[in-house]
Amino acid sequence: MSNGFDDIPFFDEEPAPRKPVAGSKVPPAPGAGLGIAARAMAARDQARMPDYLSGLNPEQREAVESVDGPVLVLAGAGTGKTRVLTTRIAHILASNRAFPSQILAVTFTNKAAREMKERIGHLVGGAVEGMPWLGTFHSIGVKLLRRHAELVGLSSDFTILDTDDVVRLIKQIIQAEGLDDKRWPAKQFAAMIDGWKNKGLDPARVPEGDARAFGNGKGRELYVAYQNRLKTLNACDFGDLLLHPIRMFKANPDVLKEYHQRFRYILVDEYQDTNTAQYMWLRLLAQRPEGVPQNVCCVGDDDQSIYGWRGAEVDNILRFEKDFPGAKVIKLERNYRSTEHILGAAGHLIAHNEGRLGKTLFTDRIDPNDDKVVVHAAWDSEEEARAVGEEIEQLQRQQHPLNDMAILVRASFQMREFEDRFVTLGLNYRVIGGPRFYERLEIRDAMAYFRLVCQPADDLAFERIVNTPKRGLGDTTIRNLHDYARARDIPMLAAAADIIETDELKPKARKALFDVVTDFRRWQSLLENTPHTELAEQILDESGYTAMWHNDKSAEAPGRLENLKELIRSMEAFESMRGFLEHVSLVMDAETNENLDAVSIMTLHSAKGLEFETVFLPGWEEGLFPHQRALDEGGRSGLEEERRLAYVGITRAKRRCHIWFVSNRRIHGLWQSTLPSRFLDELPPAHVEVAETETSYGGYGRNPYGQSRFDKQEPFQNSYSTPGWKRAQANRTDATRDNWGTRSGHAVERIGYGESGPRAKTIEGELVAKSTTTEPSRFSVGDRVFHLKFGNGNIASIEGNKLTIDFDRAGQKRVLDGFVERVQAS
DNA sequence: TTTCCTCTAGTTTTT
DNA sequence: CTAGAGGAAA
């Protein structure tokens, strides 16, 4: 849990590593307290061929052992990419080429970094201490910046702003420029700045046209003003965590040189996702002066590049060989995940893209009993959800764990239908990627208190909480204070301390502000000597923040209090409040509860890197997938990215992949009839079967879809002529919309779930319906209960795990007992 | 200050 | 349609 930079010596105290000599013996490892390198060496010495190399195929092994010089590993889905990366690091360590602190290993997400640490630990036998430079681009950026902040005009205790802070800040700037913040939304400009920063553009380099496009042509001025404001706040946004180090390195070649010496080996995960700024950062660090080997290894898959829309440049991976002359390119094509049908379908689909580096996944685990990829047609999204639910239940009856199944959607609105259905069925599910814990209102408020205690100059935090809970400090007072602070160039909290000594404010506001200032003074004085969790609780109590939610009668209030408790709990793992704040600003991910058996529902984007026995891919319709906007805004390359997304979806499946399309979908409230996705036509018949629908309608054979519905003739185009396909097509054309109820043999029961109000989600961002149990209900009629969505109510009747409840506010609803908690009768 | 109403926009997401 | 934001009224 490092919260800074001073815990790692800049250069190792140990002697410089020697070049390994073939067959050289390494001295036996002494007992306890071994460094990672020593342990790795010991592990290697146990066998002639190091253990860690034994299970690798020849290509993987080559990727692991080609440690010197630039290497690009093109690792297709399920080909053991992470394994190669981690084994490679273990190998570098074990062969005595570098110390752990001389390896730079970069990932995109914290999750990936964590996983790598863990797996290296396994390989080397023990926890990985001393890999200080394994982390995300951003966390490594922070580490560099904390060390050299003064070189870019910051002080090393700078704050990291998240998107929410940034938007509020930009809004102020837009208003300060005298622009209408409704006509020029701060959010949009924040996105523009983010985009520019992804491209490595400082204000001067933003193309004229782009800069003029915002704020009556004032885009550039606004960007400058924003950067200035950040500097006065001693703050960075996420983009700066990359750009500042780049600037720093460019302006200080001596510093860059130090890092060149330090980082003997550089590894990059998910290279296809790097944006221009990351690419610049990497080249600065990786490209060495003549004669020095560039030990860079980038691992990626151009076919899985799905983040172009947020600045990723597939081109980075495509031109690796130009950037690093003499680079070795190793393709990993042997797939260990999926059946031949799944690979065949995915491979045929992705072959429709141009400009690929070209890989074909194969497996030799061929089993004639393997299912083909199945394409299903449904009348509308409701039927789609119902049918998927049935399939899941059927698999469940065959003892397949729900954890092995996932529904991967293109857009998050599609999730709702599945959630509704699963709640009705009492089927456990979890939603991955919902609102994040640290993005919740109450968490952000609490964090603002903590930030302000640790960093009295954090004006954004100050503004967020001065009047939360309500203290009668309205707009006018704040504006006053703001001007006062600006005029004197001091932080707002300091300004508040000053202004209460004057008579500039009304007595009421003055008193309120006085209380705030004294509270913060007190908390700051406690910061060093009070256990931080205790202090945190104290802050939330004394500020009246907890009381505010206690008094709040709304349905969400108890959940929010619970989240605050969870926040305090999660602080325990940290040494100090500062350490905790640093962690939170970078690590925004929530963990899922692995112990629960549940179907996962997530977007295709968040599914990258995961795998499931069975994957359901609903919503393969033109306009949704490929998404209309991707086509409109991205043209050909937009379509190709969508296709890669489809590829990612299919290759998540190990054994079973079910694709769905519907004929009617409600978009923006109105029903629209839809066409099957062109991607369906791009699947190879040999690996695909069309499901016979159990429903009894249709069969007219009116098939408007022949060959080449969308594209010019393409070599892969094929027209399905199987009876099943024809029927599926006919179904979607001729079905009548009276399928409410039991047509598919399943009693449809609607329970209240669809009115406005927040979605019921647990702190992990999961919504979990308890499965039907045979146990007697833990509730009885008349109990007073609380429901996250509907609030308080009394139980009117009970059937199994389904409760009928008279809610105080929402009226009578039927809900599953897993969604309510018993409360004391009031 | 709160509540209610109107308006608007509406893929994908990490850090 | 529907969630969220912002403005107007109580």
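Lettering follows sequence order; numbering is per chain, from 1.
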Distance, C1' atom - from B:dT13 to C:dT2, rounded to whole angstrom: 22 Å

Pairwise C1' distance for B:dT14 and C:dA3, with rounding to whole Å: 24 Å

Under the side chain to side chain contact (heavy atoms under 4.5 Å, CB included) test, residues paired with A:Asn275 that sit two or more places apart: A:Asn198, A:Ala277, A:Gln278

Side chain to side chain contact (heavy atoms under 4.5 Å, CB included) involving A:Val516 - partner list, sequence neighbours excluded: A:Arg471, A:Leu473, A:Phe520

A:Asn110 vs B:dT15: side-chain N/O to OP1/OP2 distance below 4.0 Å: yes

Only pairs under 3.5 Å count here: list side-chain donor-acceptor contacts from residues 182-195 of chain A, not counting sequence neighbours, and write none if there are none.
none

Just the rounded figure in Å: distance from [atom2] of [N] to [atom1] of [X].
{"X": "A:Asp162", "N": "B:dT15", "atom1": "CG", "atom2": "P", "result": "12 Å"}
{"X": "A:Asn198", "N": "B:dT13", "atom1": "CG", "atom2": "P", "result": "16 Å"}
{"X": "A:Asp237", "N": "B:dT14", "atom1": "CG", "atom2": "C1'", "result": "13 Å"}
{"X": "A:Asp240", "N": "B:dT14", "atom1": "CG", "atom2": "P", "result": "20 Å"}

Contact state string [nucleotides 5-11 of chain B, B base, S sugar-phosphate only, - no protein heavy atom under 4.0 Å]: -----BB

Where protein sits on nucleotides 5-10 of chain C, one letter per nucleotide: B base, S sugar-phosphate only, - none, heavy atoms under 4.0 Å: -S----

Near-strand residues of residues 269-276 of chain A, defined as heavy-atom separation under 4.0 angstrom from DNA chain B: none

Contacts of type side-chain hydrogen bond (donor to acceptor under 3.5 Å, both in side chains), residue [X], not counting sequence neighbours:
{"X": "A:Thr603", "answer": "A:Ser606"}
{"X": "A:Asp202", "answer": "none"}
{"X": "A:Asp632", "answer": "A:Gln628"}
{"X": "A:Glu417", "answer": "A:Ser381"}

Residues in salt bridge (charged side-chain N to carboxylate O under 4.0 Å, His left out) contact with A:Asp303, at least two apart in sequence or another chain: A:Arg356, A:Lys359

Under the salt bridge (charged side-chain N to carboxylate O under 4.0 Å, His left out) test, residues paired with A:Arg283 that sit two or more places apart: A:Asp323

Centroid-centroid distance, A:Phe418 to A:Tyr429, less than 6.0 Å: no

Ring centre gap for A:Trp281 and A:Tyr279 strictly below 6.0 Å: no

Sugar-phosphate only, base, or nothing, as touched by A:Gly472 at under 4.0 Å among non-hydrogen atoms: sugar-phosphate

